[in-house]
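I have placed the structure first, in the form of structure tokens, so that the comments after it can refer back to it.
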Amino acid sequence: FSFITVACIVICMTTSCVTSRQIDYLQDMTEESQIELENKFEAVDSNYDELFINVYSHQNPELAKPFNMNQEYSGYNTGGNNQNYRTYLVDVNGNIQIPVLGDLHVVGLTRLKIQDTIAALLKQESYLTDPLVQVRFANYKIFFLGPNSSKTITINNERCTFLEALALSGGLDNYARRSRIAVVREVNGKMTMHYMDPRSTEIFNDPYFMLQQNDIIFTEYRKGKMFKDNLTNGMSFIATLASLVTMATTFILYRNLEK
């Protein structure tokens with residue numbers, strides 16, 4: 001039994017060893033490195049997104065009121081705090097319904113393009129001569145799933161990189177498998193999964209480096225970690241069993257001595 005216990009301890013210590021090469025981020029990046037980002041990203045609208053939309057006119061603020069869903073109109077909000085505004089839900093056909101203007105197809109459009117489109121319609125229909133339109137994504141979230149934890153990350157500036165999401169999630173522990181960090185994304189109605197490795201600067205030009213709303217990141221433990229956990233549990237069970245056997249043996253011996 002002693003040999004088995006020692007062997008298990010040695011194996012456990014071996015599998016728990018973690019080197020810097022296994023966990024350090026951006027190992028091939030130096031202080032002088034300058035890496036050009038090839039993939040530019042601007043969030044585009046998708047079905048079931050929620051949008052904050054606010055219309056304002058400096059010359060005729062009263063004329064802008066009918067185009068806002070809120071009965072109490074507080075003007076053009078430049079600070080990005082949209083808590084007082086109701087949201088527009090993009091329907092299954094990719095449309096939102098704006099007061100007075102009616103249905104507007106927005107799927108595939110960036111936030112700035114939606115702003116320009118609404119402003120152009122207001123001018124074209126002669127509703128407003130100087131419309132100022134503000135559009136914000138209300139549901140720009142990234143979801144993180146780890147072996148022992150999960151987290152929803154709300155993004156306020158509509159831009160989140162893969163590394164930023166890892167930092168906002170609390171970072172990776174030493175046993176997370178860096179080579180198989182998955183990003184799950186819906187593309188053209190199909191769920192796709194792409195693996196990324198934060199130990200290399202190659203991620204900077206990976207098409208999944210700039211995350212999109214509703215992306216899901218999940219991590220898994222290295223096989224050694226799982227083996228170690230199972231071995232530890234097994235050792236605990238063996239230790240408990242050995243204690244019970246010892247107690248039973250002692251009791252039997254004691255009873256025999258009494259006789």
Side-chain angles (χ1 to χ4, degrees), residues 39-144 151-161 164-165 168 183-192 207-216:
N39 297 296
K40 310 299 180 185
F41 174 75
E42 193 173 0
V44 297
D45 189 69
S46 303
N47 292 335
Y48 311 112
D49 274 350
E50 294 180 54
L51 302 175
F52 291 113
I53 299 179
N54 187 31
V55 178
Y56 174 71
S57 171
H58 180 70
Q59 293 181 356
N60 299 290
E62 290 297 319
L63 294 179
K65 287 185 177 181
F67 302 100
N68 293 281
M69 289 201 300
N70 292 48
Q71 294 180 353
E72 294 184 5
Y73 177 68
S74 57
Y76 186 63
N77 175 18
T78 58
N81 181 5
N82 301 288
Q83 294 180 353
N84 296 324
Y85 295 94
R86 298 177 186 175
T87 60
Y88 292 82
L89 178 64
V90 184
D91 64 25
V92 68
N93 298 314
N95 300 324
I96 57 174
Q97 190 172 58
I98 301 178
V100 182
L101 293 179
D103 287 342
L104 179 65
H105 191 74
V106 295
V107 163
L109 301 182
T110 65
R111 178 181 62 82
L112 295 179
K113 183 62 177 177
I114 296 173
Q115 290 181 173
D116 292 342
T117 300
I118 295 173
L121 286 174
L122 292 171
K123 288 183 178 180
Q124 178 182 323
E125 300 297 329
S126 300
Y127 291 122
L128 296 171
T129 57
D130 63 335
L132 294 174
V133 182
Q134 181 192 47
V135 176
R136 291 281 187 271
F137 285 96
N139 65 325
Y140 201 106
K141 295 180 174 65
I142 306 296
F143 302 93
F144 179 86
K151 189 170 185 179
T152 301
I153 304 168
T154 300
I155 308 300
N156 295 321
N157 60 4
E158 300 169 19
R159 180 187 183 277
C160 183
T161 68
E164 288 171 336
L168 291 170
V183 177
V184 178
R185 175 179 299 172
E186 181 180 352
V187 179
N188 298 324
K190 298 180 181 180
M191 298 304 294
T192 64
Y208 279 66
F209 179 68
M210 301 300 297
L211 299 179
Q212 298 181 12
Q213 63 268 41
N214 301 318
D215 276 356
I216 302 172

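Side chains included, hydrogens not; waters and symmetry mates left out as well; all remaining heavy atoms used. Since the model is a prediction, treat every value here as computed from it, not as a measurement.
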Is the shortest heavy-atom distance from the side chain of [X] to the side chain of [Y] under 4.5 Å?
X	Y	value
Tyr88	Asn95	no
Leu211	Thr161	no
Tyr48	Val92	yes
Pro131	Tyr56	no
Asn54	Val135	no
Thr192	Val184	no
Glu158	Arg136	yes
Asn214	Asp49	yes

- Item | Sidechain-backbone polar pair: Asp91 side chain, Gly94 backbone, donor-acceptor under 3.5 Å |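 Yes, because the side chain of Asp91 sits within donor-acceptor range (under 3.5 Å) of the backbone of Gly94.
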- Message: Main chain of Gln59, side chain of Asp130: is a donor-acceptor contact present, judged purely on distance under 3.5 Å?
- Response: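 Such a contact is found between Asp130 side chain and Gln59 backbone.
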- Considering residues at least two apart in sequence or located in another chain, which fulfil the side-chain contact (heavy atoms from CB on, under 4.5 Å) criterion with Val44?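 Counting only residues at least two positions away or on another chain, Val44 forms a side-chain contact (heavy atoms from CB on, under 4.5 Å) with Thr110.
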- Apply the test side-chain contact (heavy atoms from CB on, under 4.5 Å) to residues Leu122 and Val55: give CA-CA distance (whole Å), side-chain angles for both, the deciding distance (0.1 Å), then the verdict. CA-CA 10 Å; Leu122 292 171; Val55 178; 3.7 Å; yes
Say you draw a straight line from [atom1] of [X] to [atom2] of [Y]; how long is it, rounded to the nearest 0.5 Å?
X	Y	atom1	atom2	result
Ser57	Leu128	OG	CG	5.0 Å
Gln212	Glu186	CD	CD	10.0 Å
Lys113	Ile118	NZ	CD1	12.0 Å
Arg111	Ile53	CZ	CD1	11.5 Å
Glu164	Phe209	CD	CZ	7.0 Å
Ile142	Thr154	CD1	OG1	9.5 Å

Which atom of [X] lies closest to which atom of [Y], heavy atoms considered:
X	Y	value
Ala138	Thr87	CB-CG2, 3.7 Å
Gln115	Val133	CD-O, 3.3 Å
Thr129	Lys123	O-CE, 3.7 Å

- Determine, step by step, whether Ile155 and Lys141 satisfy the side-chain contact (heavy atoms from CB on, under 4.5 Å) criterion, reporting the C-alpha distance in whole Å, the side-chain angles of both residues, the deciding distance to 0.1 Å, and the verdict. CA-CA 6 Å; Ile155 308 300; Lys141 295 180 174 65; over 6 Å; no
- Item | Residue pairs, two or more places apart or on separate chains, that pass ring-ring contact (aromatic ring centres under 6.0 Å, His included) and touch residues 98-118 |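 Found none.
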- Residue pairs passing the ring-ring contact (aromatic ring centres under 6.0 Å, His included) test where at least one lies in residues 114-134, sequence neighbours excluded: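 For residues 114-134, and leaving out neighbouring residues, the ring-ring contact (aromatic ring centres under 6.0 Å, His included) pairs sorted by first residue read Phe67-Tyr127.
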- Task: Kindly indicate, with the supporting measurements, whether the criterion side-chain contact (heavy atoms from CB on, under 4.5 Å) is fulfilled by Phe137 and Leu51.
- Result: CA-CA 5 Å; Phe137 285 96; Leu51 302 175; 3.7 Å; yes
- Message: Testing the 3.5 Å rule here: is there a donor-acceptor pair between the side chains of Gln213 and Asn139?
- Response: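 Judged by distance alone, the side chains do not pair up.
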- Go through the steps for Arg185 and Met191 under the test side-chain contact (heavy atoms from CB on, under 4.5 Å), then give the verdict. CA-CA 6 Å; Arg185 175 179 299 172; Met191 298 304 294; over 6 Å; no
